Protein chains: 2
Amino acid sequence: MAVAGAPLSRSEAKDLTRRRLMRAGFAILDAEGEAGLTTVKVARAAGIAQSSFYVHFKDRQDLLRALGEQAGERLREAMREARMRSGEAPDDRERLRAAFRLPLEAICRHPELFRIGLRARHDPASPLREYALATAAAYRAHFVADLTAMGFPVADEGDRRRLEMIADGVGALTNAMALGHLEGRYPDLEEAVDVLVTFSRGYLRLLRPPRRPFNGI
Amino acid sequence: MAVAGAPLSRSEAKDLTRRRLMRAGFAILDAEGEAGLTTVKVARAAGIAQSSFYVHFKDRQDLLRALGEQAGERLREAMREARMRSGEAPDDRERLRAAFRLPLEAICRHPELFRIGLRARHDPASPLREYALATAAAYRAHFVADLTAMGFPVADEGDRRRLEMIADGVGALTNAMALGHLEGRYPDLEEAVDVLVTFSRGYLRLLRPPRRPFNGI
DNA sequence: AATTTCACCGATAGTACTATCGGTGAAAAA
DNA sequence: TTTTTCACCGATAGTACTATCGGTGAAATT
(Lines give C-alpha, C1' and ligand atoms only; values in the text may rest on other atoms or scores of the structure.)
Protein backbone atom coordinates (compact mmCIF):
# COMPACT_ATOMS: atom_id res chain seq x y z
CA MET A 1 0.00 0.00 0.00
CA ALA A 2 1.15 3.51 -0.82
CA VAL A 3 2.57 5.55 2.06
CA ALA A 4 0.76 8.71 1.03
CA GLY A 5 -1.11 10.20 -1.91
CA ALA A 6 1.30 10.02 -4.81
CA PRO A 7 1.85 13.27 -6.74
CA LEU A 8 0.50 12.14 -10.09
CA SER A 9 0.68 14.32 -13.14
CA ARG A 10 -2.53 14.81 -15.09
CA SER A 11 -1.57 12.38 -17.85
CA GLU A 12 -0.40 9.79 -15.32
CA ALA A 13 -3.73 10.03 -13.50
CA LYS A 14 -5.64 9.64 -16.76
CA ASP A 15 -3.57 6.64 -17.71
CA LEU A 16 -4.22 5.08 -14.32
CA THR A 17 -7.97 5.58 -14.70
CA ARG A 18 -7.87 4.01 -18.14
CA ARG A 19 -6.04 1.02 -16.78
CA ARG A 20 -8.62 0.74 -13.99
CA LEU A 21 -11.36 0.70 -16.62
CA MET A 22 -9.59 -2.00 -18.60
CA ARG A 23 -9.01 -4.11 -15.51
CA ALA A 24 -12.66 -3.73 -14.44
CA GLY A 25 -13.71 -4.56 -18.00
CA PHE A 26 -11.79 -7.83 -17.98
CA ALA A 27 -13.24 -8.81 -14.60
CA ILE A 28 -16.83 -8.10 -15.65
CA LEU A 29 -16.36 -9.82 -19.01
CA ASP A 30 -15.05 -12.92 -17.26
CA ALA A 31 -17.72 -13.00 -14.57
CA GLU A 32 -20.82 -11.95 -16.50
CA GLY A 33 -20.05 -12.27 -20.19
CA GLU A 34 -20.20 -9.63 -22.87
CA ALA A 35 -23.85 -8.73 -22.26
CA GLY A 36 -23.00 -7.92 -18.64
CA LEU A 37 -20.39 -5.33 -19.54
CA THR A 38 -22.19 -1.96 -19.38
CA THR A 39 -20.74 1.52 -19.14
CA VAL A 40 -22.56 1.89 -15.82
CA LYS A 41 -20.88 -1.15 -14.25
CA VAL A 42 -17.41 -0.64 -15.61
CA ALA A 43 -17.38 3.03 -14.60
CA ARG A 44 -18.60 2.26 -11.08
CA ALA A 45 -16.02 -0.52 -10.71
CA ALA A 46 -13.29 1.90 -11.81
CA GLY A 47 -14.55 4.56 -9.40
CA ILE A 48 -15.63 7.24 -11.88
CA ALA A 49 -18.93 8.63 -13.13
CA GLN A 50 -20.64 6.82 -15.99
CA SER A 51 -20.32 9.86 -18.22
CA SER A 52 -16.57 10.04 -17.59
CA PHE A 53 -16.25 6.68 -19.32
CA TYR A 54 -16.41 8.59 -22.60
CA VAL A 55 -13.28 10.57 -21.76
CA HIS A 56 -11.32 7.33 -22.20
CA PHE A 57 -13.26 5.43 -24.83
CA LYS A 58 -15.27 6.57 -27.81
CA ASP A 59 -18.10 4.23 -26.92
CA ARG A 60 -18.83 0.79 -25.45
CA GLN A 61 -17.60 -0.97 -28.60
CA ASP A 62 -14.32 0.89 -28.37
CA LEU A 63 -13.67 -0.56 -24.91
CA LEU A 64 -14.50 -4.07 -26.12
CA ARG A 65 -12.16 -3.58 -29.05
CA ALA A 66 -9.35 -2.45 -26.73
CA LEU A 67 -9.97 -5.38 -24.37
CA GLY A 68 -9.93 -7.85 -27.26
CA GLU A 69 -6.72 -6.42 -28.63
CA GLN A 70 -4.94 -6.49 -25.28
CA ALA A 71 -6.17 -9.98 -24.38
CA GLY A 72 -5.00 -11.30 -27.75
CA GLU A 73 -1.61 -9.63 -27.41
CA ARG A 74 -1.03 -10.95 -23.91
CA LEU A 75 -2.03 -14.52 -24.71
CA ARG A 76 0.09 -14.58 -27.87
CA GLU A 77 3.01 -13.10 -25.98
CA ALA A 78 2.67 -15.72 -23.24
CA MET A 79 2.49 -18.45 -25.86
CA ARG A 80 5.51 -17.07 -27.73
CA GLU A 81 7.54 -17.01 -24.53
CA ALA A 82 6.44 -20.56 -23.71
CA ARG A 83 7.63 -21.66 -27.12
CA MET A 84 11.03 -20.02 -26.63
CA ARG A 85 11.52 -21.79 -23.31
CA SER A 86 10.49 -25.25 -24.52
CA GLY A 87 13.86 -25.53 -26.29
CA GLU A 88 15.72 -25.40 -22.96
CA ALA A 89 14.75 -28.91 -21.88
CA PRO A 90 17.59 -31.44 -21.42
CA ASP A 91 16.36 -34.26 -23.68
CA ASP A 92 13.81 -35.04 -26.39
CA ARG A 93 11.29 -36.56 -24.01
CA GLU A 94 11.38 -33.57 -21.67
CA ARG A 95 11.32 -31.20 -24.63
CA LEU A 96 8.10 -32.77 -25.88
CA ARG A 97 6.52 -32.53 -22.44
CA ALA A 98 7.67 -28.92 -22.10
CA ALA A 99 6.15 -28.09 -25.49
CA PHE A 100 2.80 -29.18 -24.04
CA ARG A 101 3.24 -28.03 -20.46
CA LEU A 102 4.36 -24.47 -21.10
CA PRO A 103 1.35 -23.46 -23.20
CA LEU A 104 -0.92 -25.02 -20.57
CA GLU A 105 0.84 -23.01 -17.86
CA ALA A 106 0.63 -19.88 -19.99
CA ILE A 107 -3.13 -20.33 -20.29
CA CYS A 108 -3.54 -21.03 -16.58
CA ARG A 109 -1.65 -17.87 -15.74
CA HIS A 110 -4.35 -15.84 -17.53
CA PRO A 111 -7.54 -17.84 -17.01
CA GLU A 112 -9.85 -14.86 -17.55
CA LEU A 113 -8.24 -13.96 -20.89
CA PHE A 114 -8.48 -17.58 -21.96
CA ARG A 115 -12.15 -17.88 -21.04
CA ILE A 116 -13.02 -14.55 -22.64
CA GLY A 117 -11.28 -15.57 -25.85
CA LEU A 118 -12.91 -18.98 -25.92
CA ARG A 119 -16.33 -17.38 -25.58
CA ALA A 120 -15.78 -14.62 -28.11
CA ARG A 121 -14.49 -17.06 -30.69
CA HIS A 122 -17.93 -18.58 -31.12
CA ASP A 123 -20.05 -15.46 -30.79
CA PRO A 124 -20.93 -13.99 -34.20
CA ALA A 125 -21.93 -10.65 -32.67
CA SER A 126 -18.82 -10.14 -30.58
CA PRO A 127 -16.39 -7.31 -31.39
CA LEU A 128 -13.76 -9.48 -29.68
CA ARG A 129 -14.28 -12.28 -32.17
CA GLU A 130 -11.65 -11.10 -34.63
CA TYR A 131 -9.01 -11.03 -31.89
CA ALA A 132 -10.01 -14.46 -30.62
CA LEU A 133 -9.72 -15.88 -34.13
CA ALA A 134 -6.34 -14.20 -34.64
CA THR A 135 -5.07 -15.73 -31.41
CA ALA A 136 -6.32 -19.18 -32.40
CA ALA A 137 -4.66 -18.77 -35.80
CA ALA A 138 -1.36 -17.74 -34.20
CA TYR A 139 -1.57 -20.78 -31.96
CA ARG A 140 -2.14 -23.03 -34.96
CA ALA A 141 0.76 -21.44 -36.84
CA HIS A 142 2.98 -22.08 -33.83
CA PHE A 143 2.25 -25.82 -33.95
CA VAL A 144 2.55 -25.92 -37.73
CA ALA A 145 6.02 -24.39 -37.46
CA ASP A 146 7.03 -26.89 -34.78
CA LEU A 147 5.83 -29.88 -36.72
CA THR A 148 7.44 -28.68 -39.93
CA ALA A 149 10.75 -28.18 -38.15
CA MET A 150 10.47 -31.72 -36.81
CA GLY A 151 10.25 -33.08 -40.34
CA PHE A 152 6.54 -33.41 -40.90
CA PRO A 153 6.11 -34.20 -44.61
CA VAL A 154 4.63 -31.34 -46.66
CA ALA A 155 4.85 -32.53 -50.25
CA ASP A 156 1.51 -31.33 -51.61
CA GLU A 157 -1.65 -29.43 -50.79
CA GLY A 158 -3.13 -32.49 -49.07
CA ASP A 159 -0.13 -32.79 -46.72
CA ARG A 160 -0.34 -29.11 -46.00
CA ARG A 161 -4.00 -29.34 -45.04
CA ARG A 162 -3.42 -32.41 -42.92
CA LEU A 163 -0.72 -30.50 -41.07
CA GLU A 164 -3.13 -27.61 -40.46
CA MET A 165 -5.78 -30.02 -39.22
CA ILE A 166 -3.41 -31.70 -36.81
CA ALA A 167 -2.23 -28.34 -35.51
CA ASP A 168 -5.88 -27.39 -35.09
CA GLY A 169 -6.45 -30.61 -33.19
CA VAL A 170 -3.48 -30.04 -30.89
CA GLY A 171 -4.85 -26.58 -30.13
CA ALA A 172 -8.28 -28.01 -29.34
CA LEU A 173 -6.76 -30.66 -27.09
CA THR A 174 -4.66 -28.10 -25.27
CA ASN A 175 -7.70 -25.91 -24.72
CA ALA A 176 -9.79 -28.84 -23.50
CA MET A 177 -7.12 -29.87 -20.99
CA ALA A 178 -6.60 -26.30 -19.80
CA LEU A 179 -10.36 -25.84 -19.39
CA GLY A 180 -10.66 -29.09 -17.44
CA HIS A 181 -7.83 -27.97 -15.17
CA LEU A 182 -9.35 -24.50 -14.62
CA GLU A 183 -12.74 -26.08 -13.87
CA GLY A 184 -11.09 -28.32 -11.28
CA ARG A 185 -11.82 -31.59 -13.06
CA TYR A 186 -8.15 -32.29 -13.76
CA PRO A 187 -6.31 -31.09 -10.67
CA ASP A 188 -2.86 -32.26 -11.76
CA LEU A 189 -1.47 -30.39 -14.76
CA GLU A 190 1.14 -33.09 -15.23
CA GLU A 191 -1.61 -35.60 -15.97
CA ALA A 192 -2.90 -33.25 -18.65
CA VAL A 193 0.59 -33.24 -20.17
CA ASP A 194 0.54 -37.05 -20.08
CA VAL A 195 -2.71 -37.10 -22.05
CA LEU A 196 -1.37 -34.65 -24.63
CA VAL A 197 1.72 -36.81 -25.04
CA THR A 198 -0.51 -39.87 -25.45
CA PHE A 199 -2.46 -38.22 -28.25
CA SER A 200 0.74 -36.95 -29.86
CA ARG A 201 2.05 -40.49 -30.33
CA GLY A 202 -0.62 -40.86 -33.01
CA TYR A 203 0.65 -38.14 -35.31
CA LEU A 204 4.35 -38.32 -34.42
CA ARG A 205 4.44 -41.59 -36.40
CA LEU A 206 4.00 -39.47 -39.52
CA LEU A 207 7.31 -37.66 -39.03
CA ARG A 208 10.31 -37.94 -41.28
CA PRO A 209 13.77 -37.40 -39.77
CA PRO A 210 14.04 -33.77 -38.64
CA ARG A 211 15.65 -31.27 -40.98
CA ARG A 212 16.93 -29.00 -38.26
CA PRO A 213 17.47 -29.36 -34.53
CA PHE A 214 14.35 -30.24 -32.59
CA ASN A 215 12.73 -27.05 -31.35
CA GLY A 216 9.42 -27.90 -29.78
CA ILE A 217 6.81 -30.63 -30.01
CA MET B 1 -47.10 -25.53 -50.69
CA ALA B 2 -50.53 -26.21 -49.22
CA VAL B 3 -53.39 -26.44 -51.69
CA ALA B 4 -55.71 -24.37 -49.52
CA GLY B 5 -56.03 -23.04 -45.98
CA ALA B 6 -55.86 -26.08 -43.76
CA PRO B 7 -58.72 -26.43 -41.26
CA LEU B 8 -56.63 -26.22 -38.11
CA SER B 9 -58.17 -26.69 -34.72
CA ARG B 10 -57.38 -24.07 -32.14
CA SER B 11 -54.82 -26.21 -30.29
CA GLU B 12 -53.17 -27.23 -33.57
CA ALA B 13 -52.87 -23.59 -34.58
CA LYS B 14 -51.36 -22.71 -31.21
CA ASP B 15 -48.90 -25.56 -31.47
CA LEU B 16 -47.91 -24.42 -34.94
CA THR B 17 -47.29 -20.88 -33.71
CA ARG B 18 -45.17 -22.19 -30.87
CA ARG B 19 -43.11 -24.22 -33.29
CA ARG B 20 -42.70 -21.13 -35.49
CA LEU B 21 -41.42 -19.24 -32.47
CA MET B 22 -38.94 -22.00 -31.64
CA ARG B 23 -37.74 -22.20 -35.22
CA ALA B 24 -37.31 -18.43 -35.39
CA GLY B 25 -35.55 -18.52 -32.03
CA PHE B 26 -32.97 -21.03 -33.26
CA ALA B 27 -32.35 -19.02 -36.43
CA ILE B 28 -31.82 -15.76 -34.53
CA LEU B 29 -29.67 -17.44 -31.90
CA ASP B 30 -27.45 -18.91 -34.61
CA ALA B 31 -27.19 -15.71 -36.63
CA GLU B 32 -26.95 -13.06 -33.93
CA GLY B 33 -26.14 -14.78 -30.68
CA GLU B 34 -28.04 -14.75 -27.44
CA ALA B 35 -28.03 -10.97 -27.06
CA GLY B 36 -29.71 -10.66 -30.45
CA LEU B 37 -32.68 -12.78 -29.45
CA THR B 38 -35.41 -10.33 -28.37
CA THR B 39 -39.14 -10.86 -28.01
CA VAL B 40 -39.64 -8.22 -30.69
CA LYS B 41 -37.53 -10.05 -33.29
CA VAL B 42 -38.69 -13.57 -32.56
CA ALA B 43 -42.37 -12.54 -32.60
CA ARG B 44 -41.99 -10.67 -35.87
CA ALA B 45 -40.16 -13.60 -37.45
CA ALA B 46 -42.96 -15.93 -36.34
CA GLY B 47 -45.59 -13.54 -37.69
CA ILE B 48 -47.32 -12.57 -34.46
CA ALA B 49 -47.49 -9.47 -32.27
CA GLN B 50 -44.75 -8.99 -29.68
CA SER B 51 -47.29 -9.19 -26.86
CA SER B 52 -48.60 -12.54 -28.14
CA PHE B 53 -45.19 -14.00 -27.42
CA TYR B 54 -46.29 -14.29 -23.80
CA VAL B 55 -49.17 -16.59 -24.72
CA HIS B 56 -46.57 -19.24 -25.52
CA PHE B 57 -43.73 -18.52 -23.12
CA LYS B 58 -43.68 -17.15 -19.60
CA ASP B 59 -40.88 -14.76 -20.48
CA ARG B 60 -37.74 -14.46 -22.60
CA GLN B 61 -35.79 -16.79 -20.31
CA ASP B 62 -38.48 -19.42 -20.71
CA LEU B 63 -37.97 -19.45 -24.48
CA LEU B 64 -34.21 -19.75 -24.06
CA ARG B 65 -34.72 -22.61 -21.63
CA ALA B 66 -37.00 -24.40 -24.10
CA LEU B 67 -34.53 -23.84 -26.95
CA GLY B 68 -31.65 -25.16 -24.86
CA GLU B 69 -33.60 -28.23 -23.83
CA GLN B 70 -34.66 -29.06 -27.37
CA ALA B 71 -31.23 -28.43 -28.88
CA GLY B 72 -29.63 -30.70 -26.26
CA GLU B 73 -32.19 -33.45 -26.83
CA ARG B 74 -31.79 -33.37 -30.59
CA LEU B 75 -28.00 -33.41 -30.53
CA ARG B 76 -27.88 -36.21 -27.99
CA GLU B 77 -30.43 -38.18 -29.97
CA ALA B 78 -28.41 -37.72 -33.17
CA MET B 79 -25.27 -38.81 -31.34
CA ARG B 80 -27.00 -41.82 -29.82
CA GLU B 81 -28.24 -42.90 -33.23
CA ALA B 82 -24.76 -42.44 -34.69
CA ARG B 83 -23.37 -44.66 -31.99
CA MET B 84 -25.92 -47.39 -32.71
CA ARG B 85 -25.04 -47.38 -36.37
CA SER B 86 -21.26 -47.48 -35.92
CA GLY B 87 -21.56 -51.15 -34.97
CA GLU B 88 -22.84 -52.04 -38.44
CA ALA B 89 -19.50 -51.61 -40.16
CA PRO B 90 -17.96 -54.71 -41.81
CA ASP B 91 -14.54 -54.77 -40.13
CA ASP B 92 -12.57 -53.21 -37.28
CA ARG B 93 -10.93 -50.58 -39.44
CA GLU B 94 -14.24 -49.41 -40.88
CA ARG B 95 -15.86 -49.60 -37.47
CA LEU B 96 -13.24 -47.22 -36.08
CA ARG B 97 -13.74 -44.79 -38.95
CA ALA B 98 -17.52 -45.01 -38.58
CA ALA B 99 -17.23 -44.24 -34.86
CA PHE B 100 -15.56 -40.96 -35.85
CA ARG B 101 -17.49 -40.22 -39.04
CA LEU B 102 -21.03 -40.66 -37.74
CA PRO B 103 -20.76 -38.13 -34.90
CA LEU B 104 -19.19 -35.67 -37.36
CA GLU B 105 -22.10 -36.19 -39.75
CA ALA B 106 -24.58 -35.89 -36.90
CA ILE B 107 -23.08 -32.52 -35.99
CA CYS B 108 -23.04 -31.33 -39.59
CA ARG B 109 -26.71 -32.19 -39.95
CA HIS B 110 -27.53 -29.68 -37.20
CA PRO B 111 -24.89 -26.97 -37.57
CA GLU B 112 -26.97 -24.30 -35.85
CA LEU B 113 -27.60 -26.47 -32.78
CA PHE B 114 -23.91 -27.30 -32.64
CA ARG B 115 -22.82 -23.67 -32.87
CA ILE B 116 -25.40 -22.54 -30.33
CA GLY B 117 -24.27 -25.22 -27.90
CA LEU B 118 -20.61 -24.42 -28.37
CA ARG B 119 -21.26 -20.78 -27.62
CA ALA B 120 -23.52 -21.34 -24.62
CA ARG B 121 -21.05 -23.73 -23.06
CA HIS B 122 -18.60 -20.93 -22.36
CA ASP B 123 -21.05 -18.17 -21.46
CA PRO B 124 -21.52 -17.89 -17.68
CA ALA B 125 -24.70 -15.83 -18.08
CA SER B 126 -26.43 -18.12 -20.54
CA PRO B 127 -29.58 -20.02 -19.53
CA LEU B 128 -28.60 -22.53 -22.22
CA ARG B 129 -25.35 -23.29 -20.47
CA GLU B 130 -26.67 -26.15 -18.37
CA TYR B 131 -28.00 -27.91 -21.47
CA ALA B 132 -24.74 -27.39 -23.34
CA LEU B 133 -22.79 -28.86 -20.43
CA ALA B 134 -25.17 -31.81 -20.20
CA THR B 135 -24.70 -32.51 -23.91
CA ALA B 136 -20.93 -32.34 -23.59
CA ALA B 137 -21.07 -34.68 -20.60
CA ALA B 138 -23.24 -37.16 -22.51
CA TYR B 139 -20.77 -37.04 -25.35
CA ARG B 140 -17.91 -37.74 -22.98
CA ALA B 141 -19.82 -40.61 -21.37
CA HIS B 142 -20.38 -42.09 -24.82
CA PHE B 143 -16.66 -42.23 -25.51
CA VAL B 144 -15.89 -43.49 -22.02
CA ALA B 145 -18.32 -46.38 -22.56
CA ASP B 146 -16.77 -47.19 -25.93
CA LEU B 147 -13.23 -47.20 -24.61
CA THR B 148 -14.17 -49.27 -21.58
CA ALA B 149 -15.89 -51.83 -23.81
CA MET B 150 -12.74 -51.98 -25.91
CA GLY B 151 -10.70 -52.98 -22.88
CA PHE B 152 -9.28 -49.67 -21.69
CA PRO B 153 -7.71 -50.38 -18.29
CA VAL B 154 -9.60 -48.90 -15.34
CA ALA B 155 -7.84 -50.28 -12.27
CA ASP B 156 -7.82 -47.23 -10.02
CA GLU B 157 -8.91 -43.61 -9.70
CA GLY B 158 -5.97 -42.47 -11.81
CA ASP B 159 -6.93 -44.76 -14.71
CA ARG B 160 -10.50 -43.57 -14.44
CA ARG B 161 -9.48 -39.92 -14.66
CA ARG B 162 -7.15 -40.59 -17.57
CA LEU B 163 -10.02 -42.27 -19.36
CA GLU B 164 -12.23 -39.22 -18.74
CA MET B 165 -9.51 -36.93 -19.99
CA ILE B 166 -9.01 -38.91 -23.16
CA ALA B 167 -12.76 -38.97 -23.79
CA ASP B 168 -12.77 -35.21 -23.22
CA GLY B 169 -9.93 -34.89 -25.72
CA VAL B 170 -11.72 -36.98 -28.34
CA GLY B 171 -14.78 -34.74 -27.92
CA ALA B 172 -12.67 -31.61 -28.33
CA LEU B 173 -11.00 -33.06 -31.45
CA THR B 174 -14.35 -34.01 -32.95
CA ASN B 175 -15.72 -30.54 -32.30
CA ALA B 176 -12.63 -28.90 -33.80
CA MET B 177 -12.86 -30.99 -36.96
CA ALA B 178 -16.61 -30.41 -37.28
CA LEU B 179 -16.10 -26.66 -36.81
CA GLY B 180 -13.36 -26.58 -39.43
CA HIS B 181 -15.62 -28.43 -41.83
CA LEU B 182 -18.58 -26.11 -41.18
CA GLU B 183 -16.33 -23.07 -41.63
CA GLY B 184 -15.18 -24.45 -44.99
CA ARG B 185 -11.56 -24.92 -44.00
CA TYR B 186 -11.72 -28.71 -44.22
CA PRO B 187 -13.98 -29.40 -47.21
CA ASP B 188 -13.58 -33.18 -47.14
CA LEU B 189 -15.11 -34.85 -44.11
CA GLU B 190 -13.17 -38.03 -44.86
CA GLU B 191 -9.92 -36.14 -44.25
CA ALA B 192 -11.27 -35.10 -40.87
CA VAL B 193 -11.92 -38.77 -40.11
CA ASP B 194 -8.31 -39.53 -41.15
CA VAL B 195 -7.02 -36.98 -38.67
CA LEU B 196 -9.19 -38.37 -35.86
CA VAL B 197 -7.90 -41.85 -36.64
CA THR B 198 -4.34 -40.52 -36.58
CA PHE B 199 -4.82 -39.02 -33.12
CA SER B 200 -6.56 -42.18 -31.91
CA ARG B 201 -3.47 -44.29 -32.62
CA GLY B 202 -1.90 -42.54 -29.65
CA TYR B 203 -4.35 -43.72 -27.02
CA LEU B 204 -5.33 -47.03 -28.64
CA ARG B 205 -1.89 -48.32 -27.61
CA LEU B 206 -3.14 -48.23 -24.03
CA LEU B 207 -5.84 -50.83 -24.68
CA ARG B 208 -5.91 -54.32 -23.23
CA PRO B 209 -7.62 -57.06 -25.22
CA PRO B 210 -11.34 -56.25 -25.44
CA ARG B 211 -13.67 -57.89 -22.89
CA ARG B 212 -16.70 -57.89 -25.13
CA PRO B 213 -17.22 -57.50 -28.88
CA PHE B 214 -15.96 -54.25 -30.32
CA ASN B 215 -18.79 -51.75 -30.39
CA GLY B 216 -17.45 -48.34 -31.32
CA ILE B 217 -14.20 -46.46 -31.46
C1' DA C 1 -78.56 -20.93 -30.36
C1' DA C 2 -76.38 -19.15 -26.45
C1' DT C 3 -72.36 -19.05 -23.83
C1' DT C 4 -67.63 -19.64 -22.80
C1' DT C 5 -62.88 -19.95 -23.95
C1' DC C 6 -58.68 -18.19 -25.58
C1' DA C 7 -55.09 -16.92 -29.17
C1' DC C 8 -54.18 -12.81 -30.73
C1' DC C 9 -54.03 -7.74 -31.04
C1' DG C 10 -52.64 -2.59 -29.99
C1' DA C 11 -51.30 0.40 -26.44
C1' DT C 12 -48.42 1.47 -22.84
C1' DA C 13 -46.04 1.59 -18.25
C1' DG C 14 -41.70 0.46 -16.56
C1' DT C 15 -36.74 -0.52 -16.82
C1' DA C 16 -31.97 -0.34 -18.21
C1' DC C 17 -28.66 1.46 -20.82
C1' DT C 18 -26.09 4.73 -24.18
C1' DA C 19 -24.24 8.91 -25.26
C1' DT C 20 -24.26 14.06 -24.98
C1' DC C 21 -24.00 18.57 -22.70
C1' DG C 22 -22.67 22.39 -19.87
C1' DG C 23 -20.32 23.24 -15.61
C1' DT C 24 -16.19 22.91 -12.25
C1' DG C 25 -11.70 23.03 -10.29
C1' DA C 26 -7.11 21.86 -10.35
C1' DA C 27 -3.10 21.09 -13.22
C1' DA C 28 -0.43 22.95 -16.96
C1' DA C 29 1.03 26.57 -19.96
C1' DA C 30 1.61 31.40 -20.92
C1' DT D 1 0.16 35.78 -11.96
C1' DT D 2 -3.07 35.08 -15.56
C1' DT D 3 -4.92 32.13 -18.88
C1' DT D 4 -5.81 27.81 -20.87
C1' DT D 5 -6.57 22.99 -20.75
C1' DC D 6 -9.05 18.98 -19.56
C1' DA D 7 -10.48 14.96 -16.51
C1' DC D 8 -14.28 14.61 -14.15
C1' DC D 9 -19.06 15.51 -12.60
C1' DG D 10 -24.50 15.57 -12.55
C1' DA D 11 -28.38 15.88 -15.42
C1' DT D 12 -30.88 14.28 -19.10
C1' DA D 13 -32.55 13.22 -23.87
C1' DG D 14 -32.96 9.30 -26.61
C1' DT D 15 -33.30 4.33 -27.56
C1' DA D 16 -34.51 -0.47 -27.13
C1' DC D 17 -36.60 -3.86 -24.85
C1' DT D 18 -39.74 -6.43 -21.37
C1' DA D 19 -43.99 -7.53 -19.67
C1' DT D 20 -48.89 -6.33 -18.62
C1' DC D 21 -53.65 -5.01 -19.73
C1' DG D 22 -58.17 -4.69 -21.71
C1' DG D 23 -60.42 -5.63 -26.00
C1' DT D 24 -61.88 -8.70 -30.04
C1' DG D 25 -63.56 -12.40 -32.79
C1' DA D 26 -63.66 -16.98 -33.99
C1' DA D 27 -63.47 -21.64 -32.26
C1' DA D 28 -65.16 -24.74 -28.79
C1' DT D 29 -68.52 -26.00 -25.53
C1' DT D 30 -73.07 -26.00 -23.55
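In what follows, chains are A, B, ... by sequence order, proteins preceding strands, each numbered from 1. What you are looking at is a predicted structure, and each value in this text was computed from that prediction instead of being measured.
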>> Rounded to the nearest 0.5 Å, what separates atom CG in B/Leu179 from atom OG1 in B/Thr174?
In response: 12.0 Å
> Are any non-hydrogen side-chain atoms of B/Glu191 and A/Arg162 less than 4.5 angstrom apart?
Replying inline: no
> If you look at every strand shown and take non-hydrogen atoms under 4.0 Å, does B/Arg60 touch a base, only sugar-phosphate, or nothing?
Replying inline: sugar-phosphate
> What are the 5'-most and 3'-most nucleotides of DNA chain C lying under 4.0 Å from any heavy atom of chain B?
Replying inline: C/dT5 to C/dA11
> For residues 41-51 of chain A, which residue pairs qualify under side chain to side chain donor-acceptor pair (under 3.5 Å), counting only residues two or more places apart or in two chains?
Replying inline: A/Glu32-A/Lys41, A/Thr39-A/Gln50
> Charged N to carboxylate O below 4.0 Å: is that the case for A/Asp15 and A/Arg18?
Replying inline: no
>> Among residues 38-56 of chain B, which ones have heavy-atom contacts with DNA chain D below 4.0 Å?
In response: B/Thr38, B/Thr39, B/Val40, B/Gln50, B/Ser51, B/Tyr54
> If you find the nucleotide of DNA chain D closest to B/Gln61 and the one closest to B/Ser11, which residue's nucleotide is nearer the 5' end?
Replying inline: B/Gln61
> Salt bridge between A/Asp168 and B/Arg185, side-chain N to carboxylate O under 4.0 Å?
Replying inline: yes
>> Using 0.5 Å steps for rounding, measure from the CZ atom of B/Phe26 to the CG atom of B/Leu21.
In response: 12.0 Å
> Hey, what's the ring geometry for A/His122 with B/His122, parallel, tilted or perpendicular (30° and 60° as the breaks)?
Replying inline: parallel
> Does D/dG22 pair with anything, Watson-Crick or G-U wobble, both distances under 3.5 Å, and if so, with which nucleotide?
Replying inline: C/dC9
>> Salt bridge check, A/Arg119 against A/Asp30: does any charged N sit closer than 4.0 Å to a carboxylate O?
In response: yes
